[in-house]
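The structure under discussion appears below in the form of structure tokens.
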Amino acid sequence: MVQLTSMVDYEVDDGVAVLTLDNPPVNALSQGVRQGLKEGVAKAQADAAAKAILVYCKGSTFIAGADITEFSRGFVEPGLHEVLAAMDNASKPVIAAIHGTALGGGLETALCCHYRVAVASAKLGLPEVNLGLLPGGGGTQRLPRVVGVEKALQMVTSGVPVSAAEALETGLVDRIIEGELRAGALAFAREVIAAAAPLPRIRDRDDKLQGARADPLVFARFRAAIAAKTRGYLAPEYNIRCIEAAVNQPFDEGMKTESKLFMELMSGPQSAAQQYFFFAERQAGKVPGIDRDTAEIPISRVGVVGSGTMGGGIAMNMVNVGIPVTIVEVRQEALDRGLGVIRRNYENSARKGRISAADVEQRMGLVRGSLDLADLADCDLVIEAVFENMAVKKELFGRLDVIAKPGAILASNTSALDLNEIAAVTGRPESVIGLHFFSPANVMKLLEVVRGDRTSKEVIKTSMSLAKRIKKVAVLVGVCHGFVGNRMLFVRQYQAEQLALEGAPPHRIDKVLYDFGFPMGAFQMSDLAGLDIGWSAETSKGATVRERLCEMDRRGQKTNAGFYDYDENRKPTPAPVVQELYTEFAARAGITRREIADEEILERCILPMINEGAKILDEGIALRASDIDVVYVYGYGWPLYRGGPMHYANSLGLDRVVEKLRAYQQSTGSDFWQPSRYLVDLANRGGRFS
Ligand code: T1G
């Protein structure tokens, strides 16, 4: 065995030259791997003992793509194209042995082999679009030649990998290896040698492109089909153009088109934001001072108090990964309603073919309803999702503290209240934590894990890994009003309200935020959540437009009227009564209404969020700026291609952000705009939110 580079070994095993890659954690195509592959193919070509070449990876996965950490550092020779061309032009059969994931440049490497074999659990895909990119190693030219144009379009614009079984079906792999991969792949290689068949090169194939040549409208149809969900993103369109090039241009011309479009994306702000976010998401799970030596509390049974929208969604997350749940309610009809909603949600998923009918029954079998809190005595974790009222929560935690077994974790789904105050009513504040799910809780990826002043490391670690187990992205935050997400949202909503008073119609404010990339604007969001959160008719004084709307029974989408009027399809239409109310309230407040430009609307909605984010960092409520961005992308619909509010601030330039904040402080005379000292310091030092 010869070590070609620190990441690639070479040995001949009974006629087969085996190139073994070992570049943990995911065998990315780092320089050492590229160099090793290049040298390995050349060596095997010249080695009389080698009749075929096998590309095999150690560790948990085949090549999971180019090394993303190299992107910002600039490429070092040999380039990927040079390496892949050597494989494509080899005169001896080259076989890829795939396990784990063959992604991006990894699948492109496999597509330059003459054959691909895989274990049944393998996944194969081109997820570059998730990084704001496209497959730049020939993937957009070779994939459609194997799986056809429509499948290739779907794979490169969704970034979702296919299973080995589907890959076999579509011809992406030639055999599923049962048993040990290396041995099975070697056996396959020897069959190929024995067959002495002509070497099949994907670049020479054309049959799968004919259909699209005969039906060029396939691209227009596909564009229309994905337009809504890819709104604002550049990469999906660029991927489609590359597949079009594969159909309409000779192979080498198509490769040039792919490289040109790849470089355009790579040098653009969207990919920079999405690459940043790739690492931000992975950073969020790391908590200083908590590591593999920190003990974890086993969670095998969960209790949920409250079977409303949030309680039901939270329970589904646990059941989806096989954790049995006991849901406690106060009244039978509320419990029946809650359990009914869970069953209907699962039945809907079954109707859409996402799960089977047997799965529905299996999951419902893990849900136990109860009217007695005492039934939670055997739970390892109890999560409350009751009415958002401090007195109600404190009373409940006092009772749970008595009922729950020693060591059990007591968690609150509060979205804003003081967790320390809740913990203080128990004798186990070290076991109290906030688990702030986002509605719908069984869908939204984000989980704000709220650490109290006394919450133990073990409880924090347990909560962070439970989040991974239920397929959530957890972000650890400290206690303050609204934690990270809602606290920043409050200032945006406040400014949106101010803008509406000063003359900007709510639907225009919403359009500016929608065009910026949010799924909906501030007022539509309020209508969706319900204008009566924390409102009651008894205490209402009609002191705000929102209160007046509630008094008029315009409580949002649920009453088909709020800031907008809604038709039977929930289509919003601006409501003249809202304009009248803002005009009335402005007059009462002595505010002169005026035309407000879109640019000002955007700045006054976004800049306060950035400033609040800086205050949150200054107070240590968030561990790092990128955590705030993860909260906003996964919890509040911040467009991923803008990276998040803190990354966006960096792209604007912090000195410019401070300048703008000060300008608004000047023009409004309000200290609402006072720049955070943390932000000013960073800007003065020419720094960035890291
Ligand atoms: N480059 C560098 N580091 C990577 C990496 C990559 N491609 N993929 C993962 N890592 C690091 C990651 O940061 C983390 O580090 C550790 O590996 C484990 O990752 C020319 C241009 C493979 C499915 O987009 O989807 O090829 O935090 O926590 O949950 O066309 O990682 O431990 O320090 O995610 O088991 C295309 C990206 C690249 C795949 C494993 N490929 N990776 O998931 O572990 S662009 C991708 C993933 C490209 C070519 C183009 C996942 C995974 P740390 P992890 P996991």
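Counting starts at 1 for both ligands and their atoms, in listed order.
- Classification of the H99-Y56 ring pair by plane angle, with boundaries at 30° and 60°, yields parallel.
- Note: Q31 CD to T5 OG1 = 8.0 Å, rounded to the nearest 0.5 Å.
- By the 30° and 60° cut-offs, the orientation of the rings of F689 relative to Y678 is parallel.
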Are there any protein N or O atoms under 3.5 Å from the N or O atoms of ligand 1? List them with distances, or say none.
| residue | atom | partner | partner atom | Å |
| --- | --- | --- | --- | --- |
| ligand 1 | 1 (N) | A66 | O | 3.4 |
| ligand 1 | 1 (N) | I68 | N | 2.9 |
| ligand 1 | 7 (N) | A66 | O | 2.9 |
| ligand 1 | 26 (O) | A66 | N | 2.8 |
| ligand 1 | 26 (O) | G105 | N | 2.9 |
| ligand 1 | 27 (O) | K286 | NZ | 2.5 |
| ligand 1 | 30 (O) | E108 | OE1 | 2.6 |
| ligand 1 | 30 (O) | E128 | OE2 | 2.7 |
| ligand 1 | 30 (O) | G136 | N | 3.0 |
| ligand 1 | 33 (O) | K286 | NZ | 3.4 |
| ligand 1 | 34 (O) | R282 | NE | 2.7 |
| ligand 1 | 34 (O) | R282 | NH2 | 3.2 |
| ligand 1 | 41 (N) | A64 | O | 2.9 |

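- Figure legend: R241 and Y238 shown as a cation-pi pair, the cationic atom lying under 6.0 angstrom from the six-membered ring centre and within 45 degrees of its axis.
- In this pair, F71 and F75 present their aromatic rings perpendicular. The plane angle is above 60°, beyond the 30 to 60° band.
- For CD of Q154, the number of neighbouring non-hydrogen atoms (other residues, nucleotides, ligands) closer than 6.0 Å is greater than 12.
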